[in-house]
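Shown next, in structure tokens, is the structure this report addresses.
Naming: A, B, ... by sequence-line order, numbering from 1 per chain.
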Amino acid sequence: MAKSSSPKPIEKLKYEQAFAELETIVDTLEGQQNPLDEAMSLYERGQGLVKRCSELLEGAELKVRELSGDELSELVAGE
Amino acid sequence: MSQPSLFASVIWSVTRLTQHIRTLLETDVNLQDVWVQGEISNLAQPASGHMYFTLKDSSASLRSVMWKGDTRRLGLALENGLEIEAHGRIGVYEPQGQYQFYTDIIRPIGEGALYQEFLRLKSMLEAEGLFDADRKRPIPELPGTIGIVTSTTGAALRDMLDTLNRRLPLVEVIVAPTPVQGDQAPAGIVAALNSLNKYEPDVILIGRGGGSIEDLWAFNDEQVARTVASAGSPVISGVGHETDFTLCDFAADLRAPTPTAAAELATPISIIDLKSYLVGMKDRLISSSLNLLTVKKADFENQTARLRISSPLRLIQIDRQRLDNFARRSLNALNSIVVLEMSQLNGFERRLEALNPLAVLGRGFAVVTRQSDNRLLNQVKMAKMGEKIKVQISDGAFDATITQNKES
């Protein structure tokens, strides 16, 4: 397993990042090669990632911005 | 001009004659696959759904029919006075003795030239390899950012945003607005595509809603096609309707029949899929952790058992036993040494006894010593008359005085 050198704070992860890390953790735990304390902290982080992912899914709202020239601005839903 | 023969050998029925005319017209290949240009008049569409009209120009007219089935594919609204190009075949309607034009395709005038230009560009870009299958990039399964190149005023943008919002509201959308029809459209589309590169969207949707082929023409622009092919991100093109194919479609990494379909193809995994994946992943997280605990516990018990076997305590017990053995053995050794020593000692004692001069006293001998100086009297001449002596026998001693000296 690629031990993330400095794990990003969970609340800053995007969905894809959080889910990908969760997947890696589950794969690792299923390999059953880890020392217990490491497994426990992996499990804890996994739980945090599950929480993060479901929050992101529940609160998801399409974010639409409009390019004008080189500027990005929130798109006001037209008509 | 010759006189008609009054006594004709054969007299045709009207039906027979009409059928003959019909056969003549309908077996002429030039009349069975023909394009004709004219102005629509006398347009009628009765409840049957078929369309009847007359095509005319300054000096002739042509009765025309379009069957209901073909009218569904009409890309434009017919009206009297409209100049069109129509494709079809010439046939005969026998009950009225009418030859008619049965048309299946109608397009605005001039479209033929556009189509020729389209074919020319298409084969040129095709020859360059711009449309090759191995140029097509895969569409990411779970895009984070989606770029959209279209007009902000059209229905296409609304359709795409609605679809994205329904399927995957996690995504961030960057809209690069551009006119999608008219003279400004090709340059606008190229600029919009280029401006998106900076934001590195995971996929770009490009498109517009349906319209006439002229409305869609910007998407057949050579520069547009080239820019789509070389865009920094995979492009999904959804231009017009199902039946419309543009150069933009060919150049894109994926062609969608409509803008809505393009948004669907950009989100192969929906939020509903994600929710069920997450539930599955959560189950796996819990069960893998439980399994790991079970395994660890079994490991632990296993190790405990091994530890018991190899524990220092057990070594100590073993050592203690060995120590006890040593102790017993050394005690035994010591004992035998003592016994040996003692028997030797006894021997010494006996030998010592044998040498004891006093031992002979038991047999009746006596030891006589002079009282004055305790010297042993072992010669007669040493015995002086009147001298005090001490006589030692086996069980004690007594004093005596010498009364006679019998020197021999």
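- The minimum heavy-atom distance between Leu168(B) and Leu62(A), with the atom names listed, is O-CD1, 4.1 Å.
- Interatomic distance, Glu23(A) CD to Met281(B) CE, rounded to the nearest 0.5 Å: 4.0 Å.
- Side-chain contact check for Leu22(A) versus Lys282(B): every heavy-atom pair is 4.5 Å or farther apart.
- Atom CG of Leu74(B) sits in a crowded spot, with more than 12 heavy atoms from other residues, nucleotides or ligands closer than 6.0 Å.
- Within 6.0 Å of CD on Glu141(B) lie no more than 12 heavy atoms contributed by other residues, nucleotides or ligands.
- Counting heavy-atom pairs closer than 4.5 Å to chain A, the top-ranked of the candidates Leu142(B), Leu293(B), Leu274(B) is Leu274(B).
- Heavy atoms closer than 4.5 Å to chain B are found in the backbone of Glu61(A), but not in its side chain.
- When every heavy atom of Gly144(B) is checked against every heavy atom of Glu16(A), the shortest pair comes out as CA-OE1, 3.8 Å.
- Tested against Val64(A), the residues Ile146(B), Leu157(B), Leu161(B) include a single side-chain contact (heavy atoms from CB on, under 4.5 Å) partner, Leu161(B).
- Interatomic distance, CZ of Arg52(A) versus CG of Leu278(B), reported as 12.5 Å (0.5 Å rounding).
- Residues forming a side chain to side chain contact (heavy atoms under 4.5 Å, CB included) with Thr304(B) (at least two apart in sequence, or on another chain): Phe300(B), Arg308(B).
- One finds the OG1 atom of Thr145(B) at 7.5 Å from the CZ atom of Arg65(A) (value rounded to the nearest 0.5 Å).
- Looking at Leu285(B) and Gln47(A), their side chains come closer than 4.5 Å, going by heavy atoms from C-beta outward.
- A 6.0 Å sphere centred on NZ of Lys275(B) holds more than 12 heavy atoms belonging to other residues, nucleotides or ligands.
- Proximity to chain A among residues 249-264 of chain B is not found for any residue, judged by heavy-atom separations below 4.5 angstrom.
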Discussion item. Under the criterion side-chain contact (heavy atoms from CB on, under 4.5 Å), I'd like the reasoning laid out for Asn291(B) against Glu30(A): C-alpha separation, chi angles, the key distance, then a yes or no.
Written reply: CA-CA 8 Å; Asn291(B) 285 344; Glu30(A) 283 175 345; over 6 Å; no
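- Top candidate by heavy-atom pairs under 4.5 Å with chain A, chosen from Ile271(B), Asn165(B), Ile286(B), is Asn165(B).
- A 6.0 Å sphere centred on CG of Asp183(B) holds no more than 12 heavy atoms belonging to other residues, nucleotides or ligands.
- Within the 4.5 angstrom heavy-atom criterion, atoms from both the backbone and the side chain of Val171(B) approach chain A.
- Other residues, nucleotides and ligands contribute over 12 non-hydrogen atoms within 6.0 Å of the CD atom of Glu128(B).
- Residue Tyr15(A) touches chain B through its side chain alone, counting heavy-atom pairs closer than 4.5 Å.
- The distance from the CG atom of Leu290(B) to the CG atom of Leu29(A) is 10.5 Å, given to the nearest 0.5 Å.
- Chosen from Ala191(B), Gly147(B), Pro177(B), Ala176(B), the residue pairing most often with chain A at heavy-atom distances under 4.5 Å is Pro177(B).
- Here the side chains of Tyr199(B) and Leu67(A) are in contact, with some heavy-atom distance below 4.5 Å.
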